[in-house]
Every structure is written in C-alpha cells, then in structure tokens.
Number of protein chains: 2
Amino acid sequence: MPVKEWLPAIARASAVDRKLEAGEMLFRLGDKAAALYEIVAGRVRLSRVDRAGNEIILYVAGAGETIAEASLFSATYHCDAVASSDSLVRGYSKSAVLAAFEKDPKAAQAFGAMLARQVMSLRTRLEQRNIRSARERIRHYLAVNVGADGRTVAPAGTLKDVAAELGLTHEALYRTLAALERAGEIKRGAGKIVLARRARI
Amino acid sequence: MPVKEWLPAIARASAVDRKLEAGEMLFRLGDKAAALYEIVAGRVRLSRVDRAGNEIILYVAGAGETIAEASLFSATYHCDAVASSDSLVRGYSKSAVLAAFEKDPKAAQAFGAMLARQVMSLRTRLEQRNIRSARERIRHYLAVNVGADGRTVAPAGTLKDVAAELGLTHEALYRTLAALERAGEIKRGAGKIVLARRARI
DNA sequence: CGGCGTTTTGAGAGAGCTCAACATCGGTGG
DNA sequence: CCACCGATGTTGAGCTCTCTCAAAACGCCG
C-alpha cells in the first residue's frame, strides 16, 4: 500500500530521503521516535539484541514497505533498524504526520484503513504458513491472489520472490509449479499463472 | 489486545453477544458491514470460496481476538465468517464505533495504535516462520517472548497452543524443548520456561 | 560477447511429520 | 474416595517431503 494512498500531501512534504549502506543503522531501540519510514530501495531489518548478545530479527522490510508505524504512538523506538543491503529510505516526520491526521480526520481514517488491511493480509500469509505441503501452500497462494477474472495470478516480482513469500525454497516452488502444470491444474505464461477451471477434492 | 483497551465505553455499550454453533455463519462475503466482532469463546474462521467451490481459509481467529476491523472502512464484508466450533462472539456496531472515534480523536488514535502493534506482532510471527529448524524457531520464540526479567517466558495457553503458534507439531515442540533442557539452555517450571544465561554461536 | 540473476532439473540426506503407545493431570460422577 | 474420562504432555520408530548442494540452460543488459 503505497504511502501516497494514505498519507496526505501536506505530510508527505516532510519527507527526507536517506541513503544507508549495508550494515548502517537507521535507528536504535530507545531512540526518540521521530519518524516512520518507507523503504524506497534495498532491505532494512528490524531487530533486537537479547542479553546474550544475539540479534533477534523481528522483520525484514523490502522496497515499498513502511516500517515504524507504531512509532507514531510511542515516544521511543522499540527495536533497532539496520540496513541489510545498501538502501534508500524516506522518512516522514512523526509530528507532521500526526498534525495532518489532526487537521484532516479523513487522513487518519485512511491510515486506519491501511493498517486494518495490512492486518488482514498478514493474517492470511500467516494462515498460509500453517499449510505444510508445498503443493497445498501454492494452491492457497494462487487461490488468494487470483485477479478479478478468478483465474489469473500475476505475481509482482520474480518467482524467487514468490518462493520467499511462501516460505519455500525456489527449487521447491519451480518443481511444484511444474508438477501442477503437468497435472493440468495451471498454465504458465509470461509473468502469470492461469488456473484451470476444475474442482478438486 | 483486549477490546476494552482501545474501544471507549460508549462504543462498547453497543455490544451484542451472539452464540454460534459449529458451522454457523456469522456473516457472508457481500453482506452489509454492520459490526466488528470480538471472539469471546470458540473459534471463527474467515474464508472465501473459490470458483471451484473450495473453501479458502484466510484466517482462524480464537478467543480474545477481533475480526473484521477493516469492515469499519468498507461498505460490505470481504469474506465469510463461520464458526469452527461452538462459539460466543460479541459484535460492536460499526456506526457506534465510528461515532465514538469521531467524537473522541483519542479513541481513534488508540485504535490506530492497536492496529500498528498488531501489524508489528504479525510481522514478527511471520518472520519466525521463515526459520526452518524447529530448534532455532523455538529459540526465536523464546527470545521474542521473554518477560521483563529477560529470562522467563510464560506462554498464555498450553504447550499445544504454543506449538500451533510456532507452526510445529506438538511432538516436535516437546522433543525440542526436552533437548534444549538437556543441553542446559532452558529450565522448565509450571507454565513457564526459564532461559539459561549464556551466549550461543 | 560476457556476466549475472533467474529458471530448471537431478540426487541425496536430514528434519520434522505421522502414527502409535503411554503417562499425567484435572475434572466429574457414582 | 475412587474410578473414569478427556485433554495435555511425552517418547518411540519409520517415512515422506522438503531442503541442500550441484550443475546447467536461459534471458537480459551492458
């Protein structure tokens, strides 16, 4: 959900871009929460360090994602943010965002709607991971992500990205897609997968 | 996150309890979105039916969870909700909730904060599922869920519930916990797990 | 053309799942 | 008070499936 769709222009005007080299820290646990960030390019991981000194990864955000939304409601950050690769992030000042929400309740509502949709989507992805079989997991993914025609799935990135989202190795995904195609369940085209119309089980 | 902590009393006054028998529908895709629901007891699954007639499960909500938050921002429901077991749900009228938010911006903010925290928590659980090894997954779970003392983990439900949250069979969880205890990494007590203080890797 | 990332297929091993049996605990009722 | 019952907790053994490691074809871009 692009920032543009839920954050009013007046708050987007506060945007500050920042380049991060791999390993560079964006913010630390305990720092004053000053902004939320959109990952423009690269990857940023959110983590905490346990008392034994191990880094516990809470999430790895990729391009297009937003992190530290909760910082709007907290005085300090609750984890570290470190660039996992060379990255470009765009920070939106917390005060500017909150001011925009105060001035324009519609904007606050759009923010709430974005979060609610994200909760839904994350819950679905979590449910997907409860499916152990690669074949069933992929079927679930296809069923959830069909387009308006109910038969075509057009993944955003590469199949490797899809494999990562599914929590499968890319080999397992390729193999299983090939098997599904052999079985006549799907057909594959350039950057898309078309489901065959037929019931199962 | 209990409803009480983010929904003002005036909106909670609109609550309507409803008993559902296993298999009974709470709402259907396309129905007018009239309320969001708290699961008081039992389990309710959110699902969609694909054109082949298969039920695609989007999420299974248990006691204490809230569903259909996004219905606040939508005219209709976007999936079906069916009781998976005999259940008790509490519906909060959408109009009452929205009215409360309009009257009291603090309440709207609390709602946003709750959603943002939930996104965080779901992202972490998703990240956890990227860890394939049962042992490492459990270590991650323990590290993320330590209490204030940094050493004690007190799961809410049974170990079977923990296994479900971790996406492991309960056998795998029992075995691995036993192995961790043998290895001296943890100690187990009544309803709690205590981490030994020591670095690893 | 050369290099890099994606896509694809192969073979083998290991980890967790499945099925099974049993122990334990809390509650229920005779 | 004890027997019974269901759910949780625990351990064993085998097997399947995915992961891992490897190699190669393919497509794209400089």
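Letters A, B, ... are given to chains in the order of the sequence lines, protein chains preceding strands, and every chain is numbered from 1.
- Here side-chain hydrogen bond (donor to acceptor under 3.5 Å, both in side chains) pairs that include residues 153-163 of chain A, with residues two or more places apart or in two chains, are A:T158-A:D161.
- Regarding A:I131, its CD1 atom lies at a distance of 12 Å from the P atom of D:dT18, rounded to whole Å.
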B/S/- along nucleotides 7-23 of chain C (protein heavy atoms under 4.0 Å) is BBBBB----SSBBB---

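- When the side chain to side chain donor-acceptor pair (under 3.5 Å) test is applied to A:S47, the partners found at least two apart in sequence or on another chain are A:E55.
- A side-chain hydrogen bond (donor to acceptor under 3.5 Å, both in side chains) check over residues 142-155 of chain A, counting only residues at least two apart or in different chains, returns the pairs A:D149-A:T152.
- A:S71 contributes no side-chain N or O that, together with a main-chain N or O of A:S74, makes up a donor-acceptor pair within less than 3.5 Å.
- Distance CD1 (A:I138) to C1' (D:dC17): 13 Å, rounded to an integer number of Å.
- Counting only distance, with no hydrogens or angles, the side chain of A:S87 and the backbone of A:A83 share no donor-acceptor pair below 3.5 Å.
- Remark: A:R18 engages A:E24 in a salt bridge, criterion side-chain N to carboxylate O under 4.0 Å.
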Between protein and nucleotides 24-27 of chain C, what N or O pairs are separated by less than 3.5 Å?
none

Polar atoms only, N or O, under 3.5 Å: list the protein pairs with nucleotides 25-28 of chain D and their distances.
none

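- Looking at A:D80 and A:R28, no side-chain N of the basic residue comes within less than 4.0 Å of a carboxylate O on the acidic one, giving no salt bridge.
- A salt bridge is absent between B:R129 and B:E136: the closest approach of a Lys/Arg side-chain nitrogen to an acidic carboxylate oxygen does not fall below 4.0 angstrom.
- In terms of modelled atom types and a separation under 3.5 Å, the side chain of A:E65 and the main chain of A:E38 share no donor-acceptor contact.
- Remark: the backbone N or O of B:A34 is paired with a side-chain donor or acceptor of B:Y77 at under 3.5 angstrom.
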